[in-house]
Amino acid sequence: MKEILKDLDKAFENRIRLGIMSALVVNDYLDFNALKELLEVTDGNLASHLKALEKSEYITYKKEFLDRKPNTNYSATDKGKEAFKKHINAIEQLLK
């Protein structure tokens with residue numbers, strides 16, 4: 001049991017962070033508004049969770065302008081994908 005629990009990552013304990021990673025693992029990238037709409041959260045709430053995942057180096061972002069409007073795209077890093085996979089596998093093991 002201890003072996004399984006060590007693979008649970010505190011970064012993914014929050015449902016919003018879990019949702020962000022779930023979305024980014026299956027998509028190459030998503031922009032801020034797409035994530036906001038998908039997760040049904042406020043700008044500030046999403047921004048704080050994105051910042052936490054950036055700090056852990058689980059996601060990265062790219063800023064650009066589209067028709068003179070700022071657009072930020074987010075994607076999962078290899079480190080983030082691996083950590084997320086371990087976290088999900090640990091949950092699956094706990095459920096068995």
Separation between [atom1] of [X] and [atom2] of [Y], rounded to the nearest 0.5 Å:
| X | Y | atom1 | atom2 | result |
| --- | --- | --- | --- | --- |
| I16 | L50 | CD1 | CG | 10.0 Å |
| S56 | M21 | OG | CE | 9.5 Å |
| T72 | L35 | OG1 | CG | 10.5 Å |
| L18 | I91 | CG | CD1 | 6.5 Å |
| I88 | Q93 | CD1 | CD | 12.5 Å |
| D31 | K36 | CG | NZ | 11.0 Å |

Worksheet item: Less than 4.0 Å between a side-chain N and a carboxylate O, is that true for K86 and D9?
Response: no

Is it the case that more than 12 heavy atoms not belonging to K79 sit under 6.0 Å from its NZ atom?
-> yes

Is it true that, when you exclude E40 itself, more than 12 heavy atoms of the residues, nucleotides or ligands shown sit nearer than 6.0 Å to its CD?
no

Main-chain N/O of L30 paired with N27 side-chain donor or acceptor, under 3.5 Å: no

Review point. Just by modelled atom types, is the V41 backbone N or O under 3.5 Å from a matching donor or acceptor in the N45 side chain?
Key: no

Side-chain touch [X]/[Y], heavy atoms, less than 4.5 angstrom:
| X | Y | value |
| --- | --- | --- |
| L24 | F84 | no |
| L39 | L46 | yes |
| N33 | N71 | no |
| L53 | R17 | yes |

- Could you go step by step and tell me if E54 and T60 meet the side chain to side chain contact (heavy atoms under 4.5 Å, CB included) rule? CA-CA 6 Å; E54 287 171 39; T60 188; over 6 Å; no

So the ring-ring contact (aromatic ring centres under 6.0 Å, His included) pairs with at least one residue in residues 19-77 (sequence neighbours excluded) are F12-Y58

